[in-house]
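Each ligand, and each atom within it, is numbered from 1 in the order the structure gives.
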Amino acid sequence: MTDIAIIVLAAGKGTRMKSAMPKVLHRAAGRSLLGHVLHAARQLSPAQSVVVVGPGMEAVAAEARSVFPDARAALQEERLGTGHAVLMAKPALAGFTGTILILYGDVPLITPESLAQLARLADQSGIAVLGFQAQDPHGYGRLLRDAEGRVAAIREELDASSEEKSVTLCNSGIIAASSDLLWPLLERVGNANAKGEYYLTDVVALAAAAGSPAALAICPEAELAGVNDRIQLSGIESSLQGIYRRRHMLAGATLTAPETVFFSADTVIGQDVVIGPHVVFGAGVRVEDGAEIHAFCHLEGAHVGAGARIGPYARLRPGAEIGSGAHIGNFVEVKKATIGAGAKANHLSYIGDARVGPGTNIGAGTITCNYDGYDKHLTDIGANVFVGSNTALVAPVKVGDGASIAAGTVVTRNVPADALAIARPSLELQQGWAARFRNMKAARKAARHKQ
Ligand code: UD1
Ligand code: MG
């Protein structure tokens with residue numbers, strides 16, 4: 001197959017989003033709409049990529065480069081139509097020969113399979129159109145076919161006759177064509193239509209007239225859901241969550257209440273992982289085989305080792321590296337910390353900027369005091385350490401292998417291996433004090449009531 005270049009149209013501001021941010025940067029499942037489109041296209045290994053942006057949309061170009069580091073941005077100063085937008089990308093693709101795949105930045109559910117089918121057909125026929133059977137064709141361009149079933153023209157709603165409007169086979173907007181065919185035809189597209197725009201779709205009739213009618217690829221309408229407002233954005237989120245839940249279950253994870261679990265597009269889940277109800281995976285989480293994530297956990301930028309047990313009610317923040325078989329229990333927050341294999345922090349702790357060695361037990365209420373108001377400091381705890389409840393570790397501080405820290409200790413100096421660290425006022429006991437106190441109080445109360 002010939003080389004592929006992609007052009008993503010993203011000049012639309014998305015006024016109905018009511019946002020200071022360009023529409024295609026809004027996120028679903030932790031990834032921008034543009035990011036979803038580019039990740040789908042990445043499966044085709046495009047040689048070049050161009051994103052067409054409007055004025056002041058440098059952030060869109062930067063987002064494109066986060067997926068394709070050498071993505072180019074082309075500026076469309078004025079919105080003169082989809083054909084005009086594609087022409088803006090031509091200088092960036094100077095010298096490229098092959099198949100050009102034109103995508104919309106606000107159609108994030110498109111699958112790599114549909115794009116691959118379209119690119120293959122374009123490779124064979126010179127030009128191919130991705131169509132769909134519309135439930136309600138209103139507003140879409142209609143695909144008009146010749147006797148052989150190839151697409152001879154695309155008619156926009158506003159320019160269509162009533163007979164053409166009865167066609168339910170519609171244009172997705174996604175088109176692929178060979179560079180040799182596309183550029184010369186696009187130069188010939190005019191704007192004598194109801195909208196006064198340069199329509200990319202007019203290229204199809206010009207190609208047919210030149211003896212190259214377009215091949216037709218079909219995809220489900222669901223893949224073509226676009227985003228114009230935040231209600232549609234939430235619809236995309238919910239579609240993606242449905243896709244990811246099914247994908248992870250089919251790959252061998254148990255989700256006891258799938259409808260309450262939220263994944264990011266990049267979440268990686270191993271086999272025989274069990275995920276309880278109400279778990280949220282932010283970006284950048286990897287969970288190894290056999291781990292259990294109990295109810296009400298929030299994970300982001302974290303790696304959970306094989307067979308580890310997380311939660312219920314745990315929070316893993318970026319840089320949390322949980323070793324195999326380790327336990328992180330309720331109301332434990334871990335940030336930028338490595339927890340060794342088999343180590344346990346089961347209750348009410350904050351472990352941040354730390355290393356916890358294998359086999360170490362972190363008692364309830366342990367806090368790493370990692371921040372002095374200006375800088376973060378490291379707490380380094382060795383292997384098989386016993387950290388008693390309610391310990392405060394004032395970083396930077398080191399605790400050697402096998403050491404014990406008594407409950408309630410504020411650790412302000414390094415603790416050598418196998419040592420005991422204990423810092424607490426001595427305990428005073430007064431025999432019978434509590435009984436005497438109760439009797440005295442009760443007698444006074446009784447005297448008051450008699451008066
Ligand atoms: C377009 C198609 C129509 C198809 C429909 C599918 C044309 C002429 N029509 O119509 O056949 O059924 O999409 O949704 O192509 N854009 C730019 N610059 C522009 C104009 C558009 O970047 O000057 C971008 C938009 O941001 C959007 C996409 O191109 O992502 C489609 O533009 P839109 O105005 O929504 O086209 P439709 O009229 O819906
Ligand atoms: Mg549209």
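Judged purely by distance below 3.5 Å, without hydrogens or angles, the side chains of H298 and E300 never pair a donor atom with an acceptor atom. One side chain, D372 or H377, offers a donor N or O that lies under 3.5 Å from an acceptor on the other. A donor-acceptor pair shorter than 3.5 Å can be found between the side chains of Y350 and N370.
In this structure, the side chains of T2 and T97 stay at 4.5 Å or more apart for every pair of heavy atoms.
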* For the pair E164 and R142, evaluate salt bridge (Lys or Arg N to Asp or Glu O under 4.0 Å) and give the outcome as yes or no after the intermediate values. => CA-CA 7 Å; E164 288 165 342; R142 310 299 206 280; over 6 Å; no

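Protein residues lining ligand 1, listed by chain and number: L9, A11, G12, Q76, R79, L80, G81, T82, A85, Y104, D106, Y140, G141, E156, N171, S172, K195, Y199, T201 [non-hydrogen atoms, distance under 4.0 Å].
R155 and D159 are not joined by a salt bridge, as no carboxylate oxygen comes within less than 4.0 angstrom of a charged side-chain nitrogen.
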